[in-house]
Amino acid sequence: MTQLQKTQSMLTWLAQNGAEGLENVRVQETSYGGLGVFLATETPAINPSPAPARSPPQQPIVLAHVPARCCVTAEGALARDVGRAARNVLPECADEFVLCLDVAAGRRDPAHPQHPYLASLPAGGSQHAPTYPARLRRRLDGTELGAAAEKERAEVRAATKALLPRLRAARPDLFGDMAEADVVWAREMVVTRAFQSSL
């Protein structure tokens, strides 16, 4: 299945779960590679003309609404088998780590509530400085970003190497086939797509 087909499946899942306004946008391949989200040509809510200089602030335009139940959250992760098992085996681990485990498991598990979304995410990664290929990370040598990326990369890998074997040993039914790369990928997806619910 292509990335576009996976994304279309995810949009169908969103619509089936109560998302509104998806007709206002379309997803398609871009001329520079990958996928992009574009306004649908029939969207009447967008006024391209500039507002007068002294007009009162306008209400924001809402193109689409996605129900909270479609969102991937640490609270949801902690309520599922993977999250409960992780918290039982590793009571000291951070909620973010549990969320990453849930994302890694949910990508492969069609029964996971957010599987269509997780399965639509790009497999290759390289969207976050610590996960760039080595040749690109070397371009950051000598910069604060490069140092921060290498520090984060080392911390994530060290935590995963330390914690995942404990989970595998305690719950091979849930974590036996989960690789370190799965957790690193999941963290990259969480970090690059996260937002605070208070926003």
Ion pair Arg168/Asp173, N-O distance below 4.0 Å: no

Each residue besides Val98 in its hydrophobic cluster should be listed here, by chain and number; the cluster joins Ile, Leu, Val, Met, Phe, Trp and Tyr at side-chain heavy-atom distances under 4.5 Å. Leu78

Assess whether a salt bridge exists between Asp81 and Arg171, defined as any Lys/Arg side-chain N lying under 4.0 Å from an Asp/Glu carboxylate O. no

Could you tell me if the side chain of Leu118 sits less than 4.5 Å from the side chain of Arg108, heavy atoms only? no

Rounded to the nearest 0.5 Å, how far does CG of Asp102 lie from CD of Gln114? 7.5 Å

Determine, step by step, whether Arg87 and Asp95 satisfy the salt bridge (Lys or Arg N to Asp or Glu O under 4.0 Å) criterion, reporting the C-alpha distance in whole Å, the side-chain angles of both residues, the deciding distance to 0.1 Å, and the verdict. CA-CA 9 Å; Arg87 186 47 51 86; Asp95 288 355; 2.9 Å; yes

Report the residues that fulfil salt bridge (charged side-chain N to carboxylate O under 4.0 Å, His left out) with Arg107, sequence neighbours left out, ordered by chain and then residue number. none

Taking salt bridge (charged side-chain N to carboxylate O under 4.0 Å, His left out) as the test, write out the residues that go with Asp141, two or more places apart. none

Partner of Tyr117 under side chain to side chain contact (heavy atoms under 4.5 Å, CB included), picked from Leu14, Val72, Val103, is Val72

Report yes if some heavy atom in the side chain of Thr73 is under 4.5 Å from a heavy atom in the side chain of Leu99; otherwise report no. no

What's the separation between atom CZ in Arg80 and atom CD in Glu75, rounded to the nearest 0.5 Å? 10.0 Å

Could you tell me if the side chain of Phe38 sits less than 4.5 Å from the side chain of Val27, heavy atoms only? no

Atom CE in Met1, atom CD in Gln5: separation rounded to 0.5 Å? 6.0 Å

Run the numbers on Thr160 and Glu180 for side-chain hydrogen bond (donor to acceptor under 3.5 Å, both in side chains), then give the verdict. CA-CA 6 Å; Thr160 304; Glu180 291 172 18; over 6 Å; no

Set of residues satisfying side-chain contact (heavy atoms from CB on, under 4.5 Å) with respect to Pro130, sequence neighbours excluded: His128, Ala149, Glu152, Arg153

Applying salt bridge (charged side-chain N to carboxylate O under 4.0 Å, His left out), can you list everything that pairs with Glu29, at least two apart in sequence or on another chain? none

side-chain contact (heavy atoms from CB on, under 4.5 Å) partners for Ala119, two or more places apart: His115

Evaluate side chain to side chain contact (heavy atoms under 4.5 Å, CB included) for Ser120 paired with Trp13, printing each intermediate quantity in order. CA-CA 11 Å; Ser120 76; Trp13 166 77; over 6 Å; no

Check this for me, if you would: do Lys161 and Glu155 make a salt bridge, where the nitrogen-to-carboxylate-oxygen distance has to be below 4.0 angstrom? no

Under the side chain to side chain contact (heavy atoms under 4.5 Å, CB included) rule, what do Phe97 and Val183 come out as? Steps first, then yes or no, please. CA-CA 9 Å; Phe97 186 72; Val183 181; 4.0 Å; yes

